[in-house]
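In what follows, chains carry the letters A, B, and so on, assigned in the order in which the sequence lines appear, proteins first and then strands, with residues in each chain numbered from 1. Since the model is a prediction, treat every value here as computed from it, not as a measurement.
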2 protein chains.
Amino acid sequence: MSLEKVSSNKAFDGELIKYKFKSEALGGLYANFNLFLPANASKGKVPLLTYLSGLTCTEDNAAQKGGFLGPAAKEGIAILFPDTSPRGAGIEGEDADWDFGTGAGFYVNATNPKYAKHYNMLAHVTVELPQTIEAAGLPIDLTRQSIFGHSMGGHGALTMYLQSLRSGVKQYRSCSAFAPIANPTKCPWGQKAFSGYLQGGVEEAKDQYDATEIISKMGKEPVHILVDYGTADNFYKQGQLLPENFLQAARGVGYDEMQVRVRSQDGYDHSYYFISTFGADHVHFHANFLKA
Amino acid sequence: MSLEKVSSNKAFDGELIKYKFKSEALGGLYANFNLFLPANASKGKVPLLTYLSGLTCTEDNAAQKGGFLGPAAKEGIAILFPDTSPRGAGIEGEDADWDFGTGAGFYVNATNPKYAKHYNMLAHVTVELPQTIEAAGLPIDLTRQSIFGHSMGGHGALTMYLQSLRSGVKQYRSCSAFAPIANPTKCPWGQKAFSGYLQGGVEEAKDQYDATEIISKMGKEPVHILVDYGTADNFYKQGQLLPENFLQAARGVGYDEMQVRVRSQDGYDHSYYFISTFGADHVHFHANFLKA
């Protein structure tokens, strides 16, 4: 699928490029993504760190506010910022709520026939975008990939990472998340999304789309996971994130602090001020594995 | 005037607080500002760096996208982000254009009677905000102030700094700007703003509101000025910024590279990607003087 360059901004001696293309995974809709290429990408292929944004976001929010570009430029790593959901599917009701439909793709492949043609962000992010980047000849080394994200995007990053490890594909070397929806089958956001997108509802989601459920059945495969959440995060307080459940499940199957690190950050909330505070830390965490 | 706390976000171990208050300088309208307090502000007063945003912006844009908070936290410096203009004055036509009226206060004290009650961002930024912060007992050392800004805000920073030096008040120790409107009486944006806000129009602006004009009549007072602009900046190419005029005027009265540094940054544009790339550099520049 041919890429169209929408815009380009020089940043930290590298380039932040917005592309669009007609996405087959999203049922023929146009999809945007941003790709940050560090300066050293002009001399050879660089590793790829994929960032998944949260509810209501597009490919732009974290590129502008995450504070990742400077650290990525220093480390010589590219960052891919996909959109969070299909745009313009025209499905009845998809624009009614901020936490379902447009802006809330939840990184699944929908099985409910109403959404199955368009709402396939899992395939879009893990398969279609890497293939599209490779086909376009962009200077990315797809053998070196890691993934991170925020909130709904933290859910996406954790489940894509764990699914890929479990299946033996091992697409990503490491995973991190800011305030992830870590046990979505047990929280209102996740229950609403899965009930809508999946024919089998919440029950269908357990094995594929719930990081806590998935990791509770692993334990042998080495993992590299870093999670930060803030104690002043209202969504954490409301029980939408449940990072303790994820931590408990990881410890329950024997993952120690070196393999699954979950940090409670005192006084931080759910905003980009929180993300940007720990953004450099996350990029450096991934660089350890991407450049190993 | 009593301050009302609108919101607070922990960031980089410090706090970004949004306040609102009824502004006398702006004719009784409510005004917002953001104040970043680094962690060390809990132990004593800290220096104040004021950041002025450009056309269409509010107090939020640069707080979110400028990349200043991390470096300011490291240096132990507070950053004040005022709004760019009065909000809700209700003057006929003030919302008609993006480059005049709401969102485009141009950091003047208006003398045209139509705007004189409300459009006084110069007094708001240089006098009212410091007084309000002091009266509220916030941990700011007003004897240590510097100022910087972007585009229209770069114009504001340069003219406030130079005016204050020239008058002997010496409110600011250093000044920097990203892509400033450096010679506004010679560019369309400035001519439009001055023709509207000032009774004497562009002619009235020359002595007070044009950094190139002001510096061309100085030369004895030591100055500390840093300016960056990008060669791919469309507004630079269109002749809205004219940094070369400012540089030429500074050199013409004997300011050398140590006192007035104007850097052309290859390939950068007018966006926050440009600002954030050099944001840490500007904060460190000011820290040299604020902590001396």
Side-chain angles (χ1 to χ4, degrees), chain A residues 6-18 34-39 42 57 60-74 79 81 178-179 228-234 236 263-284, chain B residues 6-18 34-39 42 57 60-74 79 81 178-179 228-234 236 263-284:
Chain A
V6 177
S7 63
S8 169
N9 300 87
K10 190 167 178 181
F12 295 94
D13 210 27
E15 200 178 2
L16 193 275
I17 313 167
K18 186 190 285 278
N34 282 313
L35 181 68
F36 175 69
L37 289 176
S42 64
C57 290
D60 287 335
N61 305 66
Q64 293 171 348
K65 300 192 278 189
F68 307 135
L69 305 192
K74 268 188 200 145
I79 305 189
F81 299 93
F178 307 93
D228 280 311
Y229 67 94
T231 61
D233 182 327
N234 282 329
Y236 165 67
R263 305 188 298 198
S264 160
Q265 301 289 3
D266 186 51
Y268 285 91
D269 58 32
H270 203 70
S271 71
Y272 281 93
Y273 295 114
F274 159 62
I275 299 173
S276 61
T277 297
F278 299 99
D281 205 17
H282 282 236
V283 171
H284 296 318
Chain B
V6 177
S7 63
S8 169
N9 301 86
K10 190 166 178 181
F12 296 93
D13 210 28
E15 201 179 0
L16 194 273
I17 314 166
K18 186 190 285 281
N34 283 313
L35 182 67
F36 175 70
L37 290 175
S42 65
C57 289
D60 288 334
N61 306 64
Q64 295 170 348
K65 300 193 278 189
F68 307 136
L69 304 191
K74 268 189 201 146
I79 306 190
F81 299 93
F178 306 93
D228 281 310
Y229 67 94
T231 60
D233 182 328
N234 282 329
Y236 166 66
R263 304 187 298 198
S264 161
Q265 302 288 4
D266 185 52
Y268 285 91
D269 58 34
H270 203 69
S271 70
Y272 281 93
Y273 294 114
F274 160 62
I275 298 173
S276 60
T277 297
F278 300 98
D281 205 19
H282 281 235
V283 172
H284 297 317

Task: Pairs of heavy atoms under 4.5 Å with chain A: top-ranked of B:Q265, B:E15, B:K65 - done: B:K65

- [ ] For the pair B:Y268 (side chain) and A:D13 (backbone), establish whether a donor and an acceptor sit closer than 3.5 Å, ignoring hydrogens and angles.
- [x] yes

Open item on the list: Taking side chain as everything from C-beta outward and backbone as N, CA, C, O, which of these in B:A63 sits under 4.5 Å from a heavy atom of chain A? Side chain, backbone, both or neither.
Closed with: both

- [ ] Let me know if B:F274 has heavy atoms under 4.5 Å from chain A in its side chain, its backbone, both or neither.
- [x] backbone

Task: Sequence-distant partners of B:H270, ring pair (Phe, Tyr, Trp, His ring centres under 6.0 Å), two or more places apart - done: B:H150, B:F235

- [ ] Pick one of side chain, backbone, both or neither for B:L69, based on which atoms fall under 4.5 Å of a heavy atom in chain A.
- [x] side chain

Open item on the list: Just checking A:K18: does its NZ atom have more than 12 heavy atoms from other residues, nucleotides or ligands closer to it than 6.0 angstrom?
Closed with: yes

- [ ] Could you tell me which portion of B:S276 (side chain, backbone, both or neither) has an atom closer than 4.5 angstrom to a non-hydrogen atom of chain A?
- [x] both

Task: Atom pair OG1 (B:T277) and NZ (A:K10), whose distance is rounded to the nearest 0.5 Å - done: 9.0 Å

TODO: Against chain A, label B:S7 side chain, backbone, both or neither, depending on which of its atoms sit under 4.5 Å from a heavy atom there.
DONE: neither

TODO: Would you mind checking which part of B:N9 comes under 4.5 Å of any heavy atom in chain A, side chain (CB onward), backbone (N, CA, C, O), both or neither?
DONE: both

